[in-house]
K.L.:
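Following this message is one structure expressed as structure tokens.
Labels below follow one simple rule: chain letters A, B, ... track the order of the sequence lines, proteins then strands, and each chain is numbered from 1.
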Amino acid sequence: MSKDVFTDATIMSGDRSDDDAIVVMDNVYKRFKDFEALKKVNFKVGRQEVVVVIGPSGSGKSTLIRCINRLEEHDDGRIFVDGTELTQDIRNIQEIRKETGMVFQNFNLFPHLSILTNVAMGPRQVRRMPKATAEALALELLTRVKIPEQADKYPSQLSGGQQQRVAIARALAMKPKVMLFDEPTSALDPEMINEVLDVIKELARDGMTMVVVTHEMGFAREVADRVVFMADGEIVEVGTPEQLFDHPKEERTKQFLSQIL
Amino acid sequence: MTWVRRNLFRSVGDSLLTLVFGALALYVLWGVIEFVFITGRWEIIQVNLKLLLVGRFPEELLWLVSGSLMALGFWVAAAGGVAKHTSEKPPSVGAKIWNGIQRFGLLAGVGILLIVLSADWDSVALGALIVAAIVAGRLVALARNKIGALSRIPGWVWQPLLAVAPITLIALTLSQASIDLWGGFLINFYIAIISIFLSFPLGVLLALGRKSTLPIIRLISTTYIELIRGAPLFVLLLLAGVALEFFVPPDLSPGSIFRAVTVFTLFTAAYVAEVVRGGLQSISRGQTEAGKALGLSTTKLTALITLPQALRNVIPAQIGQFISLFKDTTLAGVALNVVDLLNVGTAVTKQDDFLGQGLIYEALAFVGLLFWVGAYFMSRESQRLEKRLGVGLR
């Protein structure tokens with residue numbers, strides 16, 4: 001597998017020009033001690049595009065999206081979000097984090113704050129919105145994820161699915177330009193997976209730009225504009241869901257798909 | 001009967017144990033009862049009650065102490081009562097009274113005991129006034145819940161507002177009565193309370209300092225914490241008795257109480273720092289990541305997300321630290337010649353009227369009772385606080 005293949009694949013699949021992209025990763029390299037998590041990855045997300053990232057565990061999927069909002073620091077290469085480059089400059093990092101919303105595998109709601117306060121946290125503390133406005137916005141978003149009645153409860157009083165929907169509302173409250181989902185359904189009981197996926201699908205229909213790391217292949221097929229297959233810290237293959245799932249070109253992709261389907 | 005059989009006499013071994021320990025318990029209980037009601041000679045406490053409680057505190061300024069007690073009672077009642085019952089049904093009147101007895105019964109009991117011992121009308125009046133202050137505090141708290149205009153005052157204005165009276169009175173007491181004249185339980189109480197209020201913020205700052213990204217701040221905090229924690233409290237107190245002269249000109253030489261408060265504050269802060277740091281470490285990385293992903297600055301992340309959770313997690317250890325501070329104030333009596341409760345307690349047995357009569361047991365029992373009641377009250381209140389703040393804990 002040579003690097004050109006992936007660059008080609010990116011260009012081939014993207015009919016958008018560079019300036020149109022909201023996230024650009026250029027030769028991004030990242031290592032944890034002796035483990036190479038990302039080996040010169042090139043990756044692009046266009047506006048209003050839904051990109052689903054799949055691959056075996058340890059393939060670098062999570063690291064990829066955690067580099068986009070600097071939860072992990074890349075060692076080499078360049079990352080641009082909405083035209084701003086991620087550098088050591090803390091102001092740039094803050095600026096980019098304002099524009100990116102993230103949803104975690106373990107929800108990570110703030111357990112000492114009510115649901116409403118959790119969702120209002122970003123707009124109130126980062127966007128400096130007045131309390132009443134922020135809480136009105138929070139309530140509106142809770143309605144959007146279909147749990148306005150839980151506003152006064154605390155995270156521990158909610159089911160996993162409900163907590164994850166609150167987490168989505170909390171990220172949306174910042175009105176981000178791109179949403180990053182890091183295995184949003186992996187910690188959920190099976191019967192709760194769909195309620196969360198439905199919310200994400202709705203966001204996709206509304207034109208939200210998203211990067212989703214997931215193991216839900218049916219979901220990937222349904223919402224993805226592009227599917228990215230990663231293995232061993234590299235992007236192995238990129239394509240539309242039909243191309244990638246039905247006619248995979250790479251041997252590694254075929255092997256992975258045969259294991260999970 | 002079935003309960004007795006099941007829990008006390010289930011087998012031969014159980015029965016034997018029950019009998020042995022039952023007999024032992026009865027024996028000890030009888031000893032205590034005999035001492036308290038029959039053989040104990042409590043005149044020594046009765047005669048010296050004022051000395052034990054406030055030392056040689058000037059009579060004409062005693063109203064400051066009484067006033068401080070009233071203000072504290074008012075403050076606790078008014079500030080503590082503002083939380084509303086959210087979800088569950090409100091408790092019945094009976095449950096409320098029972099709850100009140102559980103919380104304050106012991107304190108009230110000791111109050112009544114002191115009044116009975118002092119056997120004068122002034123202390124009855126003072127008791128009544130303190131109760132009145134507490135009732136007034138409750139009414140203010142209720143009014144805040146009921147009256148719209150009051151409930152709109154935000155907490156950060158309201159709580160300090162309530163604290164104005166007690167703090168003024170405590171400050172007045174400190175400035176008015178010459179500190180050398182203080183003594184007895186008053187000293188232990190004030191040293192403990194002031195050291196607690198000063199050491200807590202200092203400890204939190206040290207904990208944050210030890211986790212700071214700036215190496216110099218980290219170094220200073222770590223050095224401070226490890227130095228203080230490596231030294232015995234008693235040695236530090238002895239040292240404070242002489243060493244402060246090196247730093248302060250002799251004519252400004254601070255009094256023993258000042259020295260004691262300084263040592264207790266600096267000492268306890270180091271322990272608070274480690275407890276809080278432990279609390280900070282118990283917060284999962286996901287919490288920090290979620291805050292960062294929202295775009296919170298490091299300061300806001302600490303102030304709003306990690307620190308509140310950390311502090312809540314360490315309440316038991318924290319209160320434990322303060323309870324031992326409260327009891328350790330007796331060390332100041334020994335190390336710095338502060339005329340504290342313990343010193344007064346041992347001194348009164350050497351008065352002409354009581355010398356050589358072996359009344360040290362009575363004196364120490366009284367000293368122990370006051371400390372135990374104080375420490376037990378703190379412990380109970382911390383459990384309550386923990387439960388109340390436990391709402392929504394994962």
K.L.:
Taking atom NZ of Lys146(A) as the centre, does the number of heavy atoms from other residues, nucleotides or ligands within less than 6.0 Å exceed 12?
P.N.:
yes
K.L.:
Knowing that exactly one of Gln94(A), Arg97(A), Met102(A) qualifies, which makes a side chain to side chain contact (heavy atoms under 4.5 Å, CB included) with Lys292(B)?
P.N.:
Arg97(A)
K.L.:
Looking only at heavy atoms, what is the nearest atom pair of Gln287(B) and Leu109(A), with distance?
P.N.:
NE2-O, 2.8 Å
K.L.:
In terms of heavy-atom proximity below 4.5 Å to chain A, should Thr298(B) be classed as side chain, backbone, both, or neither?
P.N.:
neither
K.L.:
Counting only heavy atoms not in Phe74(B), do more than 12 sit closer than 6.0 Å to its CZ atom?
P.N.:
yes
K.L.:
List the atom of Phe104(A), the atom of Ala290(B), and the distance in Å for their closest heavy-atom pair.
P.N.:
CE1-CA, 3.6 Å
K.L.:
Could you check which of Arg66(A), Arg70(A), Gln105(A), Glu99(A) has the highest count of heavy-atom pairs closer than 4.5 Å to chain B?
P.N.:
Arg66(A)
K.L.:
Any sub-3.5 Å donor-acceptor pair from Asn108(A)'s side-chain atoms to Gly286(B)'s backbone N or O?
P.N.:
yes
K.L.:
Where does Arg127(A) contact chain B at under 4.5 Å (heavy atoms): side chain, backbone, both or neither?
P.N.:
neither
K.L.:
With chain A as the partner chain, list the residues of residues 195-217 of chain B whose heavy atoms fall under 4.5 Å from it, by residue number, and write 'none' if nothing qualifies.
P.N.:
none
K.L.:
For Asp75(A), does the CG atom sit with more than 12 other heavy atoms under 6.0 Å from it, leaving out its own atoms?
P.N.:
yes
K.L.:
Go through Gln125(A), Arg170(A), Met174(A) and name the one with the most non-hydrogen pairs under 4.5 angstrom from chain B.
P.N.:
Gln125(A)
K.L.:
Do you know the tightest heavy-atom contact between Leu294(B) and Val126(A)?
P.N.:
O-CG2, 3.7 Å
K.L.:
Counting a contact as any heavy-atom pair under 4.5 Å apart, which residues of residues 300-310 of chain B contact chain A?
P.N.:
Lys300(B), Leu304(B), Ile305(B), Pro308(B), Gln309(B)
